[in-house]
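Numbers for residues simply follow the sequence, beginning at 1.
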Amino acid sequence: MIDPGDQCTSVALRILLIMDEGRYRSRAYRRKIFKPRVSLDELLQRESLSRFRLSVPIIRDLCTLLRPHLSPRIDTPYTLSVEVKVLAALRFLSTGSFQRVTGDTTGISQASVSRSLEKFLDGMMAHVDHFVHFPCTETEVQAVHTGFFAIGGFPKVLSIVDCTHVALIPPSTEEEVYRNRKQQHSMNMQVACDHQHVITNVYAKFPGSSHDSHILNQSPLAEYMCTEGSGNGWLLGDSAYTLETWLMTPFLHPREESQDAYNRAHRTTHKVMERTLGLLKARFRALDNSKGALPFTPEKVCKIFTVCCMLHNLVIWNGLPIPEDALLAEGSWESEQPIRHIGGINELAFRTRKQLVDHTFANANKF
């Protein structure tokens, strides 16, 4: 006689075996689908500039530079190549689009795009000094002096300094620290540039509530100018900054024609920075706040900004044209600067500026 309990157990076991067999067959016949990935060999020059902001030869050079950082530990038929990782990162930086859209464009998943971007940023940050360099040799100093003077007639300019905001979703624990004067959350990034729109210094560290003058005073650039750089000339800054012997700012209330001439030369020269920031955000729309706030940590947003500055210089050095779809970013926060900085009076700085005005602008023509 068969025990009913044993019979039930037998039926249950058969059901489990059938279910397991079904799962096995389902896994066996379920094929993973891989999207076709973009290839450097198939990219046309115009398409490369439009989609990735760099030419194919320059992208190849970047791949060579970053290969030690991006090469996979284990090579399989499905492993992402260094080229695909670089293209995925460049596509995100150039469009500011959501990572899923980027993944669809380059043929990889959103998670793969995210990992590729992280490795790309870390690899590039290891080479910052190779891409961003402040003029310090005699030849470099003379070149920027000549270049700036040809633009606005302002002598001995080493670089122009200014700040620009990049929107981010702030950490919930310190939200107010990142709120700028426009009541938007951002990081306030300091940039210096030369007469050819090359970025000569980047200091990406401070939240949006920080004042431009405070950021400069805390930066290595200010320390360098105070100790070594002042003998080579000065920086140019708007009225958001405090006048220093090494930092020339405009007269707030000019009373003489020579002071007006000084301000005109200052204003004309400072426009180089405005265009530099415009070019930077036009090419790399991830920095353009019209695309929305970056959903990353403040540290990663700073990396993104610094790397975009590095790539911007690469574009300038190679004389690449502005892509048709990259219109200059307008209505950005920097166009509404400056907020006047009220600080202590530096008598030596005032004397230095007066000597400059008397020597250069007393009989200057209008620029």
Side-chain angles (χ1 to χ4, degrees), residues 48-55 58-59 61-63 65-66 69-70 85-99 102 113-114 116-133 161-168 186-194 196-206 208 273-318 320-323 325-329 332-334:
S48 176
L49 289 174
S50 175
R51 294 173 64 186
F52 306 104
R53 301 306 193 233
L54 301 176
S55 64
I58 294 177
I59 295 176
D61 289 341
L62 268 184
C63 291
L65 177 69
L66 298 177
H69 305 276
L70 301 183
K85 292 176 183 177
V86 169
L87 290 174
L90 290 176
R91 183 63 177 161
F92 174 77
L93 297 177
S94 64
T95 62
S97 65
F98 292 111
Q99 291 184 339
T102 306
V113 171
S114 182
S116 298
L117 177 63
E118 188 70 37
K119 292 180 179 179
F120 177 83
L121 295 174
D122 289 341
M124 288 293 291
M125 290 297 293
H127 301 280
V128 174
D129 292 341
H130 180 73
F131 290 89
V132 180
H133 173 72
V161 65
D162 206 346
C163 286
T164 186
H165 290 258
V166 176
L168 87 164
S186 67
M187 296 296 295
N188 197 7
M189 315 294 199
Q190 179 178 286
V191 174
C193 74
D194 71 7
Q196 296 178 317
H197 309 290
V198 172
I199 293 174
T200 59
N201 185 265
V202 183
Y203 194 49
K205 182 178 179 180
F206 285 82
M273 171 59 80
E274 297 170 13
R275 180 165 175 78
T276 298
L277 294 176
L279 289 171
L280 173 67
K281 290 191 173 185
R283 285 195 173 99
F284 301 103
R285 303 307 291 269
L287 305 179
D288 183 3
N289 61 296
S290 67
K291 294 295 182 179
L294 291 173
F296 304 119
T297 64
E299 292 76 17
K300 189 168 182 176
V301 172
C302 290
K303 285 183 183 179
I304 288 174
F305 183 80
T306 302
V307 169
C308 286
C309 290
M310 297 164 67
L311 296 173
H312 166 88
N313 283 353
L314 198 55
V315 168
I316 298 295
W317 292 332
N318 286 275
L320 299 182
I322 303 174
D325 64 320
L327 299 176
L328 286 181
S332 55
W333 288 314
E334 59 267 15

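The minimum heavy-atom distance between S116 and A88, with the atom names listed, is CB-CB, 4.4 Å. When all heavy atoms of H133 and D129 are compared, the pair lying nearest together is CB-O, 4.5 Å. Looking at every heavy atom in both residues, A286 comes nearest to L294 through O-CD2, 3.5 Å. When all heavy atoms of R285 and T95 are compared, the pair lying nearest together is CB-O, 3.5 Å. R53 approaches S94 most closely through the heavy-atom pair CG-CB, 3.4 Å. Nearest heavy-atom pair across L320 and L54 is CD1-CA, 4.0 Å.
Side-chain atoms of N313 come within 3.5 Å of backbone N or O of F131 as a donor-acceptor pair. Not a single donor-acceptor pair under 3.5 Å links the side chain of K85 to the backbone N or O of K119.
A heavy-atom distance below 4.5 Å is not found between the side chains of L168 and F296. Contact annotation: the side chain of F284 never approaches that of V307 to less than 4.5 Å [non-hydrogen atoms, C-beta and beyond]. Counting only heavy atoms from C-beta outward, the side chains of L62 and L311 approach each other to under 4.5 Å. Side-chain atoms of F305 and T164, non-hydrogen and from C-beta on, do get closer than 4.5 Å to each other.
To the nearest 0.5 Å, the span separating CD1 on I304 from SG on C309 amounts to 12.0 Å. Atom CD of Q196 is separated from atom CG of D194 by 5.5 Å, given to the nearest 0.5 angstrom. If you take CZ on R283 and SG on C308, they are separated by 12.0 Å, rounding to the nearest 0.5 Å. Of the inter-residue distances, the one linking C302 atom SG with L121 atom CG reads 11.5 Å to the nearest 0.5 angstrom. Annotation: the span from M187 atom CE to C163 atom SG amounts to 11.0 Å, rounded to 0.5 Å. To the nearest 0.5 Å, atom CE of residue M124 and atom CG of residue L93 are 9.0 Å apart.
The side-chain contact (heavy atoms from CB on, under 4.5 Å) with N318 is formed by just one residue from the set I316, V315, L314; it is L314. Between C63 and the choices L66, L65, I59, the side-chain contact (heavy atoms from CB on, under 4.5 Å) rule is met once, by I59.
Contacts of H130 classified as side chain to side chain donor-acceptor pair (under 3.5 Å), with partners at least two apart in sequence or in another chain: none. For H197, the ring pair (Phe, Tyr, Trp, His ring centres under 6.0 Å) criterion is met by no residue, not counting sequence neighbours. Legend: residues meeting ring pair (Phe, Tyr, Trp, His ring centres under 6.0 Å) with H127, ordered by chain and number and at least two apart, are H69. T306 meets the side chain to side chain donor-acceptor pair (under 3.5 Å) test with no other residue; sequence neighbours excluded. Residues passing the side chain to side chain donor-acceptor pair (under 3.5 Å) test with E118 are K300, sequence neighbours excluded. When the ring pair (Phe, Tyr, Trp, His ring centres under 6.0 Å) test is applied to F206, the partners found at least two apart in sequence or on another chain are Y203, H214. Every side chain to side chain donor-acceptor pair (under 3.5 Å) that K303 has, sequence neighbours left out, goes to D122.
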Inset, instruction - Let me see the working for L87 and R91 under side-chain contact (heavy atoms from CB on, under 4.5 Å), right down to the final yes or no. - result: CA-CA 6 Å; L87 290 174; R91 183 63 177 161; over 6 Å; no
Inset, instruction - In sequence, state the C-alpha distance, the side-chain angles, and the governing distance for E274 and D162, and then conclude on side-chain contact (heavy atoms from CB on, under 4.5 Å). - result: CA-CA 9 Å; E274 297 170 13; D162 206 346; 5.7 Å; no
